[in-house]
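Step one of this worksheet: look at the structure below.
Because the structure is predicted, anything quoted here is derived from the model rather than measured. Numbers here simply count residues along the sequence, with the first being 1.
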Amino acid sequence: GSIFAKEAINFTNKFKANLIWFSDKIYKREHYNSYAIKINHNYLDANIFQINHKVNIDHMSNMNKEQIEQNDVVNVDILLAQNTAFDQFSCSKYTGSFLLVDKNDNETLAVGLIN
């Protein structure tokens with residue numbers, strides 16, 4: 001058999017992640033925003049496919065959100081333009097995290113932790 005466990009590497013174009021939103025730009029679901037993700041030294045085109053819920057740090061309760069504002073922590077589904085290899089953040093903070101970048105002005109909008 002293989003020396004690698006089948007679940008050791010994820011290779012797909014979609015994953016769930018917690019985003020920590022730095023930017024003062026507001027993300028709204030109804031707007032089409034073209035982003036780049038910097039993950040494992042690669043830049044890939046990406047979109048926020050779905051906002052699952054906001055993570056409330058104070059109460060650790062989940063609240064539905066249609067938009068993402070500065071300092072929000074939200075759980076989202078990210079859709080990439082192509083497959084890439086990644087890990088869950090709990091397994092590796094290097095291959096399980098990424099930066100979300102605005103392709104228009106190269107501003108770093110958020111850091112993401114894959115879960």
Side-chain angles (χ1 to χ4, degrees):
S2 169
I3 60 168
F4 295 107
K6 283 191 174 154
E7 52 275 359
I9 295 177
N10 300 285
F11 188 75
T12 184
N13 69 337
K14 189 175 176 184
F15 53 76
K16 288 190 183 297
N18 284 335
L19 283 184
I20 303 159
W21 199 264
F22 298 138
S23 175
D24 58 4
K25 293 176 186 165
I26 294 175
Y27 168 85
K28 293 186 185 239
R29 263 182 55 163
E30 66 266 22
H31 298 167
Y32 179 82
N33 295 296
S34 186
Y35 299 120
I37 275 187
K38 184 179 182 205
I39 183 169
N40 300 334
H41 306 288
N42 295 319
Y43 274 97
L44 300 171
D45 288 345
N47 282 302
I48 297 172
F49 180 72
Q50 179 175 303
I51 302 172
N52 298 318
H53 55 259
K54 179 177 175 181
V55 180
N56 185 323
I57 301 297
D58 299 326
H59 305 100
M60 292 310 287
S61 64
N62 298 330
M63 302 177 329
N64 287 327
K65 289 285 278 180
E66 290 296 309
Q67 63 186 36
I68 308 171
E69 299 172 21
Q70 192 169 33
N71 299 322
D72 278 352
V73 180
V74 288
N75 183 269
V76 297
D77 290 345
I78 299 285
L79 187 63
L80 306 175
Q82 67 208 62
N83 287 352
T84 191
F86 60 87
D87 290 301
Q88 291 195 12
F89 184 75
S90 58
C91 298
S92 170
K93 63 182 178 181
Y94 300 108
T95 54
S97 61
F98 59 89
L99 296 176
L100 190 68
V101 178
D102 186 324
K103 286 178 26 178
N104 297 318
D105 60 10
N106 289 323
E107 179 188 352
T108 298
L109 301 171
V111 63
L113 312 178
I114 299 171
N115 56 18

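Note that the NZ atom of K16 and the CG atom of N115 stand 8.0 Å from one another [nearest 0.5 Å]. Note: F15 CZ to I114 CD1 = 4.0 Å, rounded to the nearest 0.5 Å. With rounding to the nearest 0.5 Å, the separation of CZ in F86 from CG in N13 is 9.0 Å. Taking CG of L109 as the reference point, atom CD of Q70 lies at 11.0 Å (rounded to 0.5 Å). Once rounded to the nearest 0.5 Å, the distance linking CZ of F89 with OG1 of T95 reads 10.0 Å. Here the straight-line distance linking atom CG of N71 with atom CH2 of W21 works out to 12.0 Å at 0.5 Å rounding.
Proximity of a side-chain donor or acceptor of D45 to a complementary backbone N or O of A36 within less than 3.5 Å is not detected. N40 places no side-chain N or O within donor-acceptor distance of the main-chain N or O of N42, the cut-off being under 3.5 Å. Between the D87 side chain and the G96 main chain, no donor and acceptor come within less than 3.5 Å of each other.
Between L19 and G112, the shortest heavy-atom contact is CD2-CA, 3.9 Å. Scanning both residues, A85 and F11, for their nearest heavy atoms gives N-CD1, 3.6 Å. Nearest heavy atom pair, residue K25 against residue D105, reads NZ-OD2, 2.6 Å. In this structure, A46 and I78 approach most closely via the heavy-atom pair CB-CG2, 4.3 Å. When all heavy atoms are compared, the tightest approach of N52 to Q50 is OD1-NE2, 2.8 Å. Closest approach of S97 to I39, counting heavy atoms only: O-CG1, 3.9 Å.
Side-chain heavy atoms closer than 4.5 Å link hydrophobic residues (I, L, V, M, F, W, Y) into clusters, and following such links, even through other members, never connects F49 to V73. If you chain together hydrophobic residues whose side chains sit under 4.5 Å apart, V55 and V111 fall into the same group. The same ILVMFWY cluster, assembled from side-chain heavy atoms under 4.5 Å apart, contains both L44 and I48.
Applying the 6.0 Å contact sphere to CZ of F22 captures more than 12 heavy atoms from other residues, nucleotides or ligands. Residue K38 qualifies as open at atom NZ: its count of foreign heavy atoms under 6.0 Å is 12 or below.
Under the ring-ring contact (aromatic ring centres under 6.0 Å, His included) criterion, Y35 pairs with no residue at all, not counting sequence neighbours.
Between Y27 and the choices D72, I51, V76, L100, the side chain to side chain contact (heavy atoms under 4.5 Å, CB included) rule is met once, by I51.
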